[in-house]
Novice: 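Below are the structure tokens for one structure; questions will follow.
What's counted below: heavy atoms across the whole structure, side chains too, no hydrogens, waters or symmetry copies. Read the numbers this way: they start at 1 and go in the same order the structure lists the ligands and their atoms. Nothing here was measured: the structure is a model prediction, and the numbers come from that model. We're numbering straight along the sequence, starting at 1.
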Amino acid sequence: MRSPSFNPPHRILMGPGPSDAHPRVLKAMASPLIGHLDPHFVGMMDEVKSMVQKTFLTKNHLTFVVSAPGSAGMETCLVNLLEPGDECIICINGVFGGRMVNIAERCGATVHKVETPWGEVTKVTQIKKALKQCPKPKLVALVHAETSTGARQPLEKISDLVHEAGSLLMVDAVTSYCGVPLKVDEWKIDAIYSGTQKCLSAPPGLSPVSFSKRAVKVLENRKTPVQSWFLDLSLVKNYWAGAKRTYHHTAPVSSVYALHEALSIVLEEGLENRWKRHQDVHKYLKKNLEEMGFEFIVKPANRLPNLNAVQLPKGIKDEAKLRRQLLDEFNIEVGGGLGAFAGKIWRIGIMGESCTSNHVNALVGALKQIL
Ligand SMILES: *Cc1c(COP(=O)(O)O)cnc(C)c1O
């Protein structure tokens, strides 16, 4: 008997990720497999590295892609930079700051938490205060685009404070990368990670990462081995060493094809054009949502264009039912709230390929019919 094949429905992805992938990216995944040490594959990985440097706006030599999703990029940064007994400052204004604390504590570090209400961003004065209590942390970590709340964290002033203290600045750029301005070298970010399934519009499962020279020095001066074998950069970095590449693990070959194509598409469009497109489509979405009675939870100055966190119009009791209706009847996925915001808000993503006025029209049209 023949086993049935799996035929996913054709969705319009407007949640917190994954976003829609370009047909060119999906086609790349259908290319024939080659060995991950094949000279053609190694050459392609070199191009991926160079395109990740261009999209992060960095010249960092230690720039690579972790063969696992964004959370593994987060873990890569923390397990490599922290050793038992180290102190660090982690800012929490949503789900993902909390995840960083969890990992850092598992590294044996002492974590000083800077907590801010959800929907807001960490202020410079809060960092100043934290640095008084913990003047020489190994690192200070923040989430640039908090996907659970839709808040965009300003980084430049905080970066200066962190470096004056002699610490490293670590940034989660999973949702901001290729969607809003992000300048790794200019903002002196020392350790950064992202994901592929948000504004890059590639399938989930890979995490672009980059370390500054300052961070590399910290790696070189470690006293203890990194607790994770898979994520230990002293081993991983040889895997990204071009022609000298040696076996570490088997790269997810087809996913790297997809990433290569997605990065090419970003560079063809141009980063600045891409940032502007997210801003423009956000404006159009915002106008339509507000007309229907949706309210944004983040104040305008800190609002992400690509992740729109909104309260539903008054009178709607069962948001989950409404989301299910959008999915079943209109093939549109939007996100519900996470953690403290569960059942209270929607998270409407317009990321990468999902950031078009057609997407907005489809969603708005569907909502008008349902409501
Ligand atoms: C999605 C996301 C992550 C986690 O990425 P995964 O690919 O789901 O592991 C981490 N941080 C932020 C801000 C995210 O939006």
Novice: For ligand 1, is there an atom lying under 4.0 Å from some heavy atom of P204?
Specialist: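 It does not; every heavy atom stays at 4.0 Å or beyond.
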
Novice: Identify each donor-acceptor pair in which a side-chain atom of residues 95-110 lies under 3.5 Å from a protein atom, sequence neighbours left out, and give them as a table.
Specialist:
from : atom 1 : to   : atom 2 : distance (Å)
R99  : NH1    : S71  : OG     : 2.8
N102 : OD1    : R106 : NE     : 2.9
N102 : OD1    : R106 : NH2    : 3.4

Novice: Tell me whether ligand 1 is touched by E146 - counting only heavy atoms on the residue side and a distance under 4.0 Å.
Specialist: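 It does not; every heavy atom stays at 4.0 Å or beyond.
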
Novice: Heavy-atom distance to atom 12 (C) of ligand 1: which of D172, T196, T149 wins?
Specialist: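 Considering heavy atoms of D172, T196, T149, the nearest to atom 12 (C) of ligand 1 sits in D172.
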
Novice: Any idea how W229 and H248 line up, ring-wise: parallel (<30°), tilted (30 to 60°), or perpendicular (>60°)?
Specialist: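 Correct class here is parallel.
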
Novice: Under 3.5 Å, is there a donor-acceptor pair linking the side chains of R152 and N302?
Specialist: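 Side-chain D/A pair, R152 to N302: absent.
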
Novice: Under 4.0 Å from any heavy atom of Q197, which atoms of ligand 1 are there?
Specialist: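 Going through ligand 1 atom by atom, the ones under 4.0 Å from Q197 are 6 (P), 7 (O), 8 (O).
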
Novice: Under 3.5 Å between some N or O of ligand 1 and some N or O of S71?
Specialist: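 N/O-N/O distance under 3.5 Å: yes.
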
Novice: What protein heavy atom sits nearest atom 3 (C) of ligand 1, and how far off is it?
Specialist: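 Protein heavy atom with the smallest distance to atom 3 (C) of ligand 1: F96 CE2, 3.4 Å.
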
Novice: Can you see whether T76 engages Y193 through a side-chain donor-acceptor pair at a distance of less than 3.5 angstrom?
Specialist: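 Note: T76 and Y193 side chains miss the donor-acceptor criterion.
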
Novice: Answer yes if the side chains of N358 and T356 hold a donor-acceptor pair under 3.5 Å, and no otherwise.
Specialist: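 Note: N358 and T356 side chains miss the donor-acceptor criterion.
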
Novice: I'd like to know if the side chain of D190 pairs up with that of S212 as donor and acceptor (distance under 3.5 Å, no hydrogens or angles considered).
Specialist: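 Yes, because at least one side-chain N or O of D190 sits under 3.5 Å from a partner of the opposite role on S212.
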
Novice: Under a 3.5 Å cutoff, is there a donor and acceptor pairing between the side chains of N308 and H282?
Specialist: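 Indeed, the side chains of N308 and H282 share at least one donor-acceptor pair under 3.5 Å.
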
Novice: Would you mind running through ligand 1 and noting each atom that sits below 4.0 Å from a heavy atom of T175?
Specialist: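 Once the distances to T175 are compared, the set is 15 (O).
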
Novice: Answer side chain, backbone, both or neither: which part of A145 comes under 4.0 Å from ligand 1, heavy atoms only.
Specialist: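 The answer is the backbone of A145.
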
Novice: Got an N/O contact under 3.5 Å between R99 and ligand 1?
Specialist: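 Looking only at distances, the answer is no, because the N/O contact criterion of under 3.5 Å is not met.
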
Novice: Which residue holds the protein heavy atom closest to atom 14 (C) of ligand 1, what is that atom called, and what is the gap in Å?
Specialist: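 That would be K198 NZ, 3.1 Å.
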
Novice: Is G70 close to ligand 1, meaning an N/O of one under 3.5 Å from an N/O of the other?
Specialist: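 Yes - when backbone and side-chain N and O of G70 are compared with those of ligand 1, one distance drops under 3.5 Å.
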
Novice: Looking only at heavy atoms of H144, does any of them come nearer than 4.0 Å to an atom of ligand 1?
Specialist: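 Contact check H144 vs ligand 1: negative.
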
Novice: By number and element, which atoms of ligand 1 are closer than 4.0 Å to a non-hydrogen atom of T147?
Specialist: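 Selected atoms, number and element: 12 (C), 13 (C), 14 (C), 15 (O).
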
Novice: Name all pairs fulfilling the side-chain hydrogen bond (donor to acceptor under 3.5 Å, both in side chains) condition that reach into residues 56-66, sequence neighbours left out, sorted by first residue then second.
Specialist: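 Sorted result for residues 56-66: T58-N60, T58-D185, N60-S210, T63-S210.
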
Novice: Which class fits the ring pair W240 and F64: parallel under 30°, tilted 30 to 60°, perpendicular over 60°?
Specialist: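 The arrangement is tilted - the two ring planes meet at 30° to 60°.
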
